[in-house]
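The model shown is predicted, which means the values in this text are computed figures rather than measured ones. Every chain is numbered from 1 and lettered A, B, ... according to where its sequence line falls, protein lines coming before strand lines.
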Number of protein chains: 2
Amino acid sequence: MGGQAYQLDDYTSDCLARLAFEVLANRWDSVVVFTIAAYGPTRPAVLLTRIGGISPKVLNDALRRLEYNGLVDRRPYQEAPPRVDYSLTEAGNALLEPMRAMGAWATRYADAVLDAQERFEARETSTRSGSRSRSARPRR
Amino acid sequence: MGGQAYQLDDYTSDCLARLAFEVLANRWDSVVVFTIAAYGPTRPAVLLTRIGGISPKVLNDALRRLEYNGLVDRRPYQEAPPRVDYSLTEAGNALLEPMRAMGAWATRYADAVLDAQERFEARETSTRSGSRSRSARPRR
DNA sequence: CAGTATCCATGAGGATACTG
DNA sequence: CAGTATCCTCATGGATACTG
């Protein structure tokens, strides 16, 4: 069933936001979008070096998802050796502002998040107030 | 390794945004945050009915992650029967605006996303321009 | 009621090797 | 160079049943 249908009315109307989070939910998606935004139409090999720490296969997976969701356009040149580049669609471009808003939040609250994580870990070892036993440790 | 450390400088500075996406990356996280935001401190049983389509275990997982990431506060009452409620932290509240921006994007571009997905599926069956063979079908 | 314990299916991330 | 093919690991989502 390649790509489950989005249930746009599953939740409160506000939660249409979930669609936005889904199209960027995966590990590298937002990074790829930001990188293409920063440099314009870009070839995979260039993305590979500019991003760093991502394998060709995983980058390709990400590009395929982004293309599937209509955030990037794939443009193949009929040449040899093979040449392709990826650019942002209108939808992809429009997503940049909200993404930057998320980035601003992260800049402001990154420490709070890290602190909360440490406090959570700390609480976890010691006895827990309320209830809850010892094995409720989310990985992220 | 409960919760891998966030590498805040892994990417370009903009990509601090990834932290924001990570704390909401999972299936129900954004829905839970919006629901708590809409109704104030809320008990799990109430979230269960208000959200709908989520199991107690999965809701609990989500709440645990959100707590871990410092987006919600857990407040246990020492009573019988057990009673707990969850509220948004300052960081959680601050995230609402960016989330609404994402929601606005989704409202505007949901159709574009769906169209792109259909076109992708269509292209997939027919022969593909450029290169790429037949088994590159991302699920989302 | 809040939360845990299992068990299962699936899909993403990752490493490697290989085509056209 | 772009992309696919394998193969592995592990986190999530989900269903069910069970405690305090």
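A straight line from CG of Leu63(A) to P of dG13(C) spans 12 Å, rounded to a whole angstrom. The CG atom of Leu47(A) sits 14 Å away from the C1' atom of dG3(D) (whole-angstrom rounding). If you measure from atom CG of Asp61(B) to atom P of dT4(C), you get 9 Å, rounded to the nearest angstrom. A straight line from CG of Leu59(B) to C1' of dG14(D) spans 13 Å, rounded to a whole angstrom. Summarising the geometry, the separation between CD1 on Ile54(B) and P on dT12(D) is reported as 14 Å, rounded to the nearest angstrom. One atom, CD of Glu67(B), and another, C1' of dA2(C), lie 13 Å apart when rounded to the nearest Å. The interatomic distance linking Lys57(B) (NZ) with dA11(D) (P) rounds to 13 Å, in whole Å. The CG atom of Asn26(A) sits 9 Å away from the C1' atom of dG11(C) (whole-angstrom rounding).
Along DNA chain D, the nucleotide nearest to Pro44(A) and the one nearest to Ala62(B) differ in position, and the one closer to the 5' end is contacted by Pro44(A). Mapped onto DNA chain C by nearest heavy atom, Arg65(A) and Pro82(A) fall at different nucleotides, with Arg65(A) at the one closer to the 5' end.
Closest heavy-atom contact between Ala101(B) and Pro98(A): O-CG, 3.8 Å.
Comparing dC1(C), dG3(C), dA12(C) against the side chain of Arg64(B) picks out dG3(C) as the nearest. Among the nucleotides dG13(D), dG13(C), dG3(D), the one closest to any side-chain atom of Val58(B) is dG13(D). Of the candidate nucleotides dA2(C), dC1(D), dT6(D), dC1(D) has the atom nearest to the side chain of Ala45(A). Of the listed nucleotides (dG3(D), dA2(C), dG13(D)), dA2(C) has the atom at the smallest distance from the side chain of Arg43(B). In the set dG14(D), dG3(C), dT16(C), dG3(C) carries the atom at the smallest distance from any side-chain atom of Val84(B).
Residues Leu96(A) and Asn93(A) are in side-chain contact: their nearest non-hydrogen atoms beyond the backbone lie under 4.5 Å apart. Two residues are said to be in side-chain contact when any heavy atoms from C-beta on lie closer than 4.5 Å; Val23(B) and Trp105(A) meet this criterion.
Note on Asp61(A) versus Lys57(A): salt bridge recorded, some NZ/NE/NH1/NH2 to OD/OE distance being below 4.0 Å.
Under the Watson-Crick or G-U wobble criterion, with both distances below 3.5 Å, dG20(C) is paired with dC1(D). Under the Watson-Crick or G-U wobble criterion, with both distances below 3.5 Å, dG13(D) is paired with dC8(C).
Between Arg74(A) and the phosphate of dG3(D), there is a side-chain N or O to OP1/OP2 separation shorter than 4.0 Å. Applying the 4.0 Å criterion to OP1 and OP2 of dG14(C), one finds that Trp28(A) has a side-chain N or O inside that range. The phosphate of dT4(C) has OP1 or OP2 within less than 4.0 Å of a side-chain N or O from Asn60(B).
At a threshold of 4.0 angstrom between heavy atoms, the contacts of Pro81(A) with the nucleic acid are absent.
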(request) For the pair Glu90(A) and Tyr109(B), evaluate side-chain hydrogen bond (donor to acceptor under 3.5 Å, both in side chains) and give the outcome as yes or no after the intermediate values. (result) CA-CA 9 Å; Glu90(A) 186 198 331; Tyr109(B) 289 97; 3.1 Å; yes

(message) Under the criterion side-chain contact (heavy atoms from CB on, under 4.5 Å), I'd like the reasoning laid out for Tyr77(A) against Asp85(A): C-alpha separation, chi angles, the key distance, then a yes or no.
(response) CA-CA 8 Å; Tyr77(A) 298 76; Asp85(A) 64 28; 2.8 Å; yes

